[in-house]
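Working notes for the structure below.
Being a predicted model, the structure only gives us computed values, none of them experimental.
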Amino acid sequence: MGSHSDIISTVEFNYSGDLLATGDKGGRVVIFQREQENKSRPHSRGEYNVYSTFQSHEPEFDYLKSLEIEEKINKIRWLPQQNAAHFLLSTNDKTIKLWKISERDKRAEGYNLKDEDGRLRDPFRITALRVPILKPMDLMVEASPRRIFANAHTYHINSISVNSDHETYLSADDLRINLWHLEITDRSFNIVDIKPVNMEELTEVITAAEFHPHQCNVFVYSSSKGTIRLCDMRSSALCDRHAKFFEEPEDPSSRSFFSEIISSISDVKFSHSGRYMMTRDYLSVKVWDLNMESRPVETHQVHEYLRSKLCSLYENDCIFDKFECCWSGSDSAIMTGSYNNFFRMFDRTTRRDVTLEASRENSKPRASLKPRKVCTGGKRKKDEISVDSLDFNKKILHTAWHPAENIIAVAATNNLYIFQDKVN
């Protein structure tokens, strides 16, 4: 294992899928770029290599509250590309930054007022006017912070989401959601505030929030009580009254001490089409039709075999792990992580699902991944893994799916795995 600061805390493809960004607990952002077709190496397309690495956030100290502010990157969101440069938003618990990633492969030479080594020339020695020329140089990828959006969150930021108008974005913490303009750093609008007057009456927190992919006035946020609220910014500036409220009625027969904890939603994601949204709770992933609030249209069990282990998962704090989920580019499949470096994929049309493992042992380049099976009791078959031998320290919380192809990125602690559909 590497150091604690190498643990990957977020993974995100850009809109074309040619760049893949990861953030880690040490506040670093690493961007991988996809290799283009190469005649001499026909298989190299699809390989992602490091393109740029930069320190996005540093550890800070809040002197008023005597609190350390971690440098850990909670989320990265790309902006749609407008020109040759790329832009992304990265956030830790308190501060969001807009980064510009640009390439330089030329430099100017032949200045009038300074020599090649940068020293100023004596004005009396300048007798002729020179036109500077651009000379090629080794490619440099530069990351520079263009905007810093600070001081708007009392609590920890858990989500950022770029609006489809490409001008605004939202940021959500435990109790509030703010709306920002990408050009304006010194003010934001508070669009959701669920903080009670008396904090002792606090019963739920915001766990995730996302803008609709096509309707710029619509966003959703999920709560620790297992509910999702859809809000419309056209109806009022402060979206305290939701437009839609999604909640699945609880089955009284399965109620237990852990019911409330495991129903907390750790992630919510709109489908690319904008018709559905997916939510992840501790044991399952659900797909909701935005036109039906009463119950999800699909429920996929991620690791139902853990239901009998909730007591020990509560004792070792794993029950509070926040798993993310993601859609395939065509919305026909979904993916989410589990323990023991397992991740789950569900095909929505065939209703088939598979458990795969991201680990060094079985990830030789171009080798096929073998499906894994977990056995819950009785006689264990040869290739099955017993529930009791699962490693709960190896968890896959963060995954990403290429927007157009079957290429997935899976973060297993401090290793990033990239898998793609087998090409002949």
Do the non-hydrogen side-chain atoms of E12 and K75 ever get within less than 4.5 Å of each other?
no
Non-neighbouring partners of D353 that pass salt bridge (Lys or Arg N to Asp or Glu O under 4.0 Å), sequence neighbours left out:
R344
Using a strict 4.0 Å threshold on nitrogen-to-oxygen distance, state whether K286 and E248 make a salt bridge.
yes
Would you check if T22 and V29 make a side-chain contact, meaning some heavy-atom pair closer than 4.5 Å?
no
Counting only heavy atoms from other residues, nucleotides and ligands, does the tally under 6.0 Å from NZ of K322 exceed 12?
no
Do S271 side-chain atoms and Y276 backbone N/O form a donor-acceptor pair below 3.5 Å?
yes
Can you find a side-chain donor-acceptor pair between E35 and N49 that sits under 3.5 Å?
yes
Donor-acceptor check, side chain of N340 to backbone of D391, threshold 3.5 angstrom: yes or no?
yes
Hits for salt bridge (Lys or Arg N to Asp or Glu O under 4.0 Å) against R234, two or more places apart or cross-chain, chain-then-number order -> D232
If only side-chain N and O atoms count, and only distance matters, is there a donor-acceptor pair under 3.5 Å linking D421 with N406?
yes
Donor-acceptor pair, distance only, cut-off 3.5 Å: does the side chain of E293 make one with the backbone of F245?
yes
Just checking, is any N or O donor in the side chain of S223 or E204 under 3.5 Å from an acceptor N or O on the other one?
yes
Assign the ring pair H212 / H214 to parallel, tilted or perpendicular, where the plane angle (0 to 90°) is split at 30° and 60°.
perpendicular
Please say which of T207, L230, V268, I194 ends up in a side chain to side chain contact (heavy atoms under 4.5 Å, CB included) with Y221.
I194
Assess, by modelled atom type and distance only, whether the side chains of H303 and Q301 contain a donor and an acceptor separated by less than 3.5 Å.
no
Parallel, tilted or perpendicular: which fits the ring planes of F258 and Y314, with parallel below 30° and perpendicular above 60°?
tilted
Of all heavy-atom pairs linking L170 and I177, the shortest is CB-CG2, 4.1 Å
Are any of the side-chain nitrogens in D331 or R348 under 4.0 Å away from the carboxylate oxygens of its partner?
no
Which pairs would a plain distance check flag for residues 138-147, meaning a side-chain donor or acceptor within less than 3.5 Å of a matching protein atom at least two apart in sequence or in another chain?
unit_1 : atom_1 : unit_2 : atom_2 : d
E142   : OE2    : R104   : NH1    : 3.0
R147   : NE     : L182   : O      : 3.2
R147   : NH2    : E183   : OE1    : 2.6

Does the H272 side chain pair with the main chain of S328, one donor and one acceptor, at a distance under 3.5 Å?
yes
Sequence neighbours excluded, the answer for salt bridge (Lys or Arg N to Asp or Glu O under 4.0 Å) partners of E260 is none
Mutual orientation of the aromatic rings belonging to Y282 and F323 [parallel < 30°, tilted 30-60°, perpendicular > 60°]:
tilted
Could you tabulate the donor-acceptor pairs under 3.5 Å formed by side-chain atoms of residues 55-62, not counting sequence neighbours?
unit_1 : atom_1 : unit_2 : atom_2 : d
Q55    : NE2    : G26    : O      : 2.7
Q55    : NE2    : H57    : O      : 2.9
S56    : OG     : S90    : OG     : 2.7
S56    : OG     : W99    : NE1    : 3.2
H57    : NE2    : T95    : O      : 2.8
D62    : OD1    : L64    : N      : 3.0
D62    : OD1    : K65    : N      : 3.2

Check: A358 main-chain N/O paired with N341 side-chain donor or acceptor under 3.5 Å
yes
Tell me if the NZ atom of K309 is crowded by more than 12 foreign heavy atoms within 6.0 Å.
yes
Indicate yes or no: does E357 engage R372 in a salt bridge with an N to O separation below 4.0 Å.
yes
Donor-acceptor under 3.5 Å (D281 side chain, V285 main chain)
no
From CA spacing to verdict: side chain to side chain donor-acceptor pair (under 3.5 Å), T336, R280
CA-CA 8 Å; T336 190; R280 173 74 156 93; 2.8 Å; yes
Could you tell me whether the side chains of N74 and D93 share a donor-acceptor contact shorter than 3.5 Å?
yes
For a quick test of reading the model, state the closest non-hydrogen atom pair linking D321 to L397 and the distance between them.
CB-CD2, 4.2 Å
The salt bridge (Lys or Arg N to Asp or Glu O under 4.0 Å) partners of K135 (sequence neighbours excluded) come to E109
Is it the case that more than 12 heavy atoms not belonging to E304 sit under 6.0 Å from its CD atom?
yes
In sequence, state the C-alpha distance, the side-chain angles, and the governing distance for M233 and L179, and then conclude on side chain to side chain contact (heavy atoms under 4.5 Å, CB included).
CA-CA 10 Å; M233 292 191 291; L179 178 69; 4.0 Å; yes
What do you reckon, are the aromatic ring centroids of F343 and F419 less than 6.0 Å apart?
yes
Does some side-chain heavy atom of I408 sit less than 4.5 Å from a side-chain heavy atom of Y417?
no
Between F211 and Y169, does a ring pair (Phe, Tyr, Trp, His ring centres under 6.0 Å) hold up when you go through it step by step?
CA-CA 8 Å; F211 266 122; Y169 73 92; 9.0 Å; no
If you count the non-hydrogen atoms of other residues, nucleotides and ligands that lie under 6.0 Å from NE2 in H181, is the total more than 12?
yes
Flag this pair as yes if the NZ/CZ of R275 is under 6.0 angstrom from the six-membered ring centre of F270 and inside a 45 degree cone about the axis; otherwise no.
no
Go through the steps for Y339 and F392 under the test ring pair (Phe, Tyr, Trp, His ring centres under 6.0 Å), then give the verdict.
CA-CA 5 Å; Y339 293 104; F392 291 106; 5.0 Å; yes
Mutual orientation of the aromatic rings belonging to W180 and H153 [parallel < 30°, tilted 30-60°, perpendicular > 60°]
tilted
Evaluate the side-chain proximity of L390 to I385: yes if any heavy-atom separation is below 4.5 Å, no if none is.
yes
Looking only at side chains, do S222 and T279 share a donor and an acceptor under 3.5 Å apart?
no
With no hydrogens and no angle check, just 3.5 Å: does a side-chain donor-acceptor pair link T349 and D347?
yes
F189, CZ atom: more than 12 neighbouring heavy atoms under 6.0 Å:
no
Within the supplied structure, the quantity of interest is the number of heavy atoms (other residues, nucleotides, ligands) at a distance under 6.0 Å from R121 CZ; does it exceed 12?
yes
